[in-house]
There are 2 protein chains.
Amino acid sequence: DKSGGETKEEAEAVLALCADRGYICHADSESWRRGVSSGFGPLGAELKRNLLEKWWDSVVSSRAHVFGISSPSCSPDKTGSGHVKKIDTKQIMQILEQPELSREQIIKQVNSFLRTSQALRTNFFQGALEQFVPSSELVNRKLPFGLAEHGLCFRGPSCGWPDTVTKTSLVWFCSPRTSSQWLDFWARQRLQWWKKFALSSSDFSSRDVPGEDLHLPASRGVKIMYNFPWGPESLEILWSRGDTELLQAHNGARSKLHCRDGQKSVPHVITVTANMDQGVMAFLFNSLQQQKKEGSKRKLHQKVLKLHPVLTPIKVALDIGRGSTMELRQVCEGLLQELLDSKISVWPGYLETMPMSLEQLNARYDEMGVLFTTVINENTLENGLLRVRSRDTTVRETMHISEIKNFLSGYVSAAQHT
Amino acid sequence: DKSGGETKEEAEAVLALCADRGYICHADSESWRRGVSSGFGPLGAELKRNLLEKWWDSVVSSRAHVFGISSPSCSPDKTGSGHVKKIDTKQIMQILEQPELSREQIIKQVNSFLRTSQALRTNFFQGALEQFVPSSELVNRKLPFGLAEHGLCFRGPSCGWPDTVTKTSLVWFCSPRTSSQWLDFWARQRLQWWKKFALSSSDFSSRDVPGEDLHLPASRGVKIMYNFPWGPESLEILWSRGDTELLQAHNGARSKLHCRDGQKSVPHVITVTANMDQGVMAFLFNSLQQQKKEGSKRKLHQKVLKLHPVLTPIKVALDIGRGSTMELRQVCEGLLQELLDSKISVWPGYLETMPMSLEQLNARYDEMGVLFTTVINENTLENGLLRVRSRDTTVRETMHISEIKNFLSGYVSAAQHT
C-alpha cells in the first residue's frame, strides 16, 4: 500500500498534466480532492460535453418513457428552508444605509429580505416533482416514466467543496410494488455505463448504502464509487424514496397523483443523481497510463491519456512533415474542414511553428489523449498517401487521404457500440 | 395595423397553445413578454436543447479556431462591482443574532460579508477574457480565434425580467485592422443562422446600434431582432469592443497578450451573445400557422406548429388503428425502440387510451409540431404497410414498416442541409 505522501504525489502529477494539457484550470489537489473545482480548460470542457451527451443518450434519447425537462435555477423559497440564495446586494445595502432605522428595525428588514429572496437550486429533485402532473398526462398516467435533466446546481460555502457542480438527474416514477426492482435496474444500468467508458473498469464499483446511513424517507440507497488515488468517492447516488416527497410537493392531493401500472397508485420515486465534474476527474485519473517506452534511446516513462474514443475531446491531429509548407498547409486546411463537417474534432497541429521532433509531438498528443495523429508531407502531395498513428497501439498505418474521414468515423462509431 | 388589445390576444393565444402542448409552463404573457420565464415543459426543453446543439455545431464544432470553454458560474468578486451574489443566508442571520453587536457593528459586518461573497455570472465575457492566455497558446498565438460557451447567466431582480437566462456566447479575438470586417462577418453569419430555421424568415432582421446607444468601449454594435406580436425584440447582440477589457482583465500586461496575424498586436475583441430562452419563443411564435382546414365538415381554423424539422422536438408519432390491440402495441414497441436507437425522437401515441378520431389526433399532433404521424393497423400486421402523414403537406404516404427509419433520418438530414 502507498503512503499518504506517495498518494498525494501521484494525484498531484496527474493534475499537473491535466492542467498543462488544457483539461483543468488549476492543479491544486486540495481543491480538486473532494468534489471538483468548476474550472475546466478547453479540452476538459469538451470532455465534459461528450460525457453529458453520452449520459443523455443513455438515459433520455434511447428510452421512450424518459422526458428531458428544464427546471428553473432559482425560484421563490416557499418553505423558507432554502439558505443558498441569489441576492442583489444593493438592496441589503440600501436597508443598512437608512440612518433612521434602529438596530432592531435593520435586523427585521434584512431578515425579511433574506426570507423572501429567491433560492438557488441545490438539486433537480424539486423541479421534477413540480413537473410530475403535466408530465404524467403526456404518458396518459401510465407508469413507469422518468424526468431527466442536467446542469448547474449550487451549494453553500463549506470547506473544500466547490460552490457549483454540474449534476445529472433522473427522477423515476414507478408503482410501489416495482420500486425495489427498478432501483436494482438503474443501479446496474448506471454502473455498466460508467464501466463502458473506463480503461480500467475495476476502479468503478457500486455499494449499498448501509442502514445506519439512510435518512427518511429513503428506504434504500446505492452508490456508484470511483477509486481515486486518495480513496473511493461516490460519483452517483440512487435512492428509493417512496411517495412522501411527491405527496408533500402536491399538498397531499393523492387523486391528482394517481397513475396506473396494472392498478392505480401514487407512484414511488427513485432518484439517480451524479456529479459530472467529478465524473470527468474520474475518467482523467482512470485513463492516464504510464508506460515504459520501448525502442527509445533514453528510457522514458511516457504518459498516455487513454480516454475512451467517444469521450476523448480530440479525435485526430493534423501535422505537416517535410515539403513545401504553403502547399502542405493548404492540404491540411481542406482536410480539416472536411473532418469538422463530419463532426470529427481535429487538432490543427500544422499551425505549430515551434520545431519539434516526431517523438516529442507524439508524446504531447498522447498526453492530450489525441486518438490519432496524421502527418502530411511531400509524399501526400505526390500520391495522396499519409500515415496515421494510433494513440492506443502506437502503430502507424498508411492510408489514402480520401479514406481518413470514413476510417475515423467508423472507428469512433465501432467503439461506441462495443 | 392591429390594436394593442388584438396584439395581446394573439400573443396570449400562442402562449396558451404552447402551455397546453408542453412547450412552456405558464401562459401569462406579461412575464413572457420581455425576456422569458425559465419554465419550459418537456417539449420546450427538447426544442431548446436542439437549438443549443445547432448553435454549437454552427459556431464551434464546424470551425477549427473556436474552442468550447467552461467558465465558473460564480467567482470571487475581485472588483467589488458585482451585486448579484450567491449568499448563504444562514451566515448573515448569524451576524444579526449576536446580541453583543451594536447597530454600527452589524452594518459593518454585513457589508463586509456581502463584499466578499461570490458573484454570480451575468455573462460569459469575463470567463473568456480570463482564459485568453492559455487558449491563445493552444493556437500558437495566431489570430483570429474564438472562445465559446452556453449556459445559465443571472440577473438582479427587475420588473418583468427573469432571474436567469440561457445565453450563448462567442468571444472572438482578431487583429485590430480586421475587427470591423469580422463584426460584419459574424453579424451576417448569425442572421443567416436564425433565418435558416425560420418558417417566415422576414420576421428576423439585423440592425446597427445607433451611435447614441453605444457605450464605451464598444465602437460598433449590431442586433439581431425578432418581430414579436408586440414589437421587435433583440435576440442576439454583437459588439466590437477593442482591446480595453482584455487589457484590464490582464492588468495591462500587453506582452502577455500579443498575438500574430501578419504583425504582432494585442487582439481586438468581438462579442456575440444571444438569449436562447427568447430564441425558443421566437421560433414558437414564428412557426405557428393558422390555416383553414379544407374538406372538413365544420370550418375549423387549424393551428399547425411548423417548427423546422431539425428543431422540432418530436419527429414521429406512433399510433394504432383497427386491429388486435395487443399485437399492434407489440409492433409499436419494436418500431419505437428501433427509431430511438437511431436517435429519432418518437411520441408513443399508441399508449393513449382515450378514444379519439383521426381528425382530432392529427389536430393535436399538428399543434405539438410533430413532423410525421404513422398509424399501424391490422393491414400492417398482414403486409407490413403503414401510412405516414406529413405535418407540412398533410399528404399521407404508404410505405413498408422497414423503410420508415431511413425515410425519417433522410428527411431530417436533408432539411439540415438546405
Side-chain angles (χ1 to χ4, degrees), chain A residues 22 38-42 44-46 48-49 57 61-64 67-70 72-74 83-90 92-93 96 102-103 106-107 110-111 114 117-118 120 131 134-135 138-140 142 151-152 154 156-157 163-164 336-337 340-341 343 345-346 348 351-354, chain B residues 22 38-42 44-46 48-49 57 61-64 67-70 72-74 83-90 92-93 96 102-103 106-107 110-111 114 117-118 120 131 134-135 138-140 142 151-152 154 156-157 163-164 336-337 340-341 343 345-346 348 351-354:
Chain A
S38 45
F40 289 105
E46 187 67 16
K48 187 162 121 182
R49 230 188 113 74
D57 283 351
S61 308
S62 63
R63 289 170 203 280
F67 302 100
I69 57 172
S70 167
S73 48
C74 50
H83 57 97
V84 183
K85 296 201 162 183
K86 168 178 159 289
I87 300 246
D88 184 348
T89 56
K90 274 191 196 158
I92 297 188
M93 285 173 175
L96 301 180
S102 69
R103 182 180 183 281
I106 287 182
I107 293 179
V110 171
N111 262 324
L114 293 178
S117 291
Q118 297 252 310
L120 289 163
Q131 294 214 21
S135 307
L138 287 182
V139 289
N140 200 24
K142 193 169 177 309
L152 279 182
F154 293 84
D163 289 302
T164 58
L336 178 108
Q337 204 54 56
L340 291 177
D341 289 346
K343 307 204 178 181
S345 54
V346 189
L351 293 177
E352 183 68 63
T353 47
M354 291 264 287
Chain B
S38 45
F40 289 105
E46 187 66 17
K48 187 162 122 182
R49 229 188 114 74
D57 283 351
S61 308
S62 63
R63 290 169 202 280
F67 302 100
I69 58 171
S70 166
S73 49
C74 52
H83 57 96
V84 183
K85 297 201 162 182
K86 168 179 159 289
I87 301 250
D88 184 348
T89 55
K90 273 191 198 159
I92 297 190
M93 285 175 176
L96 301 179
S102 70
R103 181 181 183 281
I106 286 180
I107 292 178
V110 171
N111 262 323
L114 293 178
S117 291
Q118 297 252 309
L120 289 163
Q131 294 215 18
S135 308
L138 287 182
V139 290
N140 201 24
K142 193 167 177 310
L152 278 183
F154 294 83
D163 289 302
T164 58
L336 177 110
Q337 204 53 55
L340 291 177
D341 289 346
K343 305 205 180 182
S345 54
V346 188
L351 292 178
E352 183 67 64
T353 46
M354 291 265 288

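Sequence lines set the chain letters: A, B, ... in the order given, protein chains first and strands last, and positions in each chain run from 1.
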Between A/Ser135, A/Pro134, A/Ser61, the one whose heavy-atom pairs under 4.5 Å with chain B are most numerous | A/Ser61
What residue in A/Gln337, A/Gln131, A/Lys142 has the most heavy-atom pairs under 4.5 Å with chain B?
-> A/Gln131
Look only at the side chain of A/Ser62 and the backbone of B/Asp341, and say whether a donor-acceptor pair between them is shorter than 3.5 Å.
-> no
Could you point out which residue of A/Ile87, A/Ile92, A/Asn111 forms a side chain to side chain contact (heavy atoms under 4.5 Å, CB included) with B/Ile92?
-> A/Ile92
Atom of B/Leu340, atom of A/Ala64 and distance for their closest heavy-atom approach = CD1-N, 3.3 Å
Do you know which of B/Asp57, B/Ile69, B/Leu96 has the most heavy-atom pairs with chain A at a distance under 4.5 angstrom?
-> B/Leu96
Non-hydrogen atoms of chain B under 4.5 Å away: do they reach the side chain of A/Arg63, the backbone, both or neither?
-> backbone
In terms of heavy-atom pairs under 4.5 Å with chain B, the winner among A/Leu152, A/Val346, A/Val139 is A/Leu152
So, the part of B/Ile107 with a heavy atom under 4.5 Å from chain A: the answer is both
Name the region of A/Pro42, side chain, backbone, both or neither, that has any atom closer than 4.5 Å to a heavy atom of chain B.
-> both
Contact summary for A/Ser70 and B/Lys48, nearest pair of heavy atoms | OG-NZ, 3.9 Å
Which portion of B/Leu120 sits near chain A, non-hydrogen atoms under 4.5 angstrom = side chain
Is chain B contacted by the side chain of A/Ser345, its backbone, both, or neither, given a heavy-atom distance below 4.5 Å?
-> neither
In terms of heavy-atom proximity below 4.5 Å to chain B, should A/Leu336 be classed as side chain, backbone, both, or neither?
-> side chain
So, the part of A/Ile106 with a heavy atom under 4.5 Å from chain B: the answer is side chain
Check each atom of A/Ser117 against the heavy atoms of chain B and say whether the ones under 4.5 Å are side chain, backbone, both or neither.
-> neither
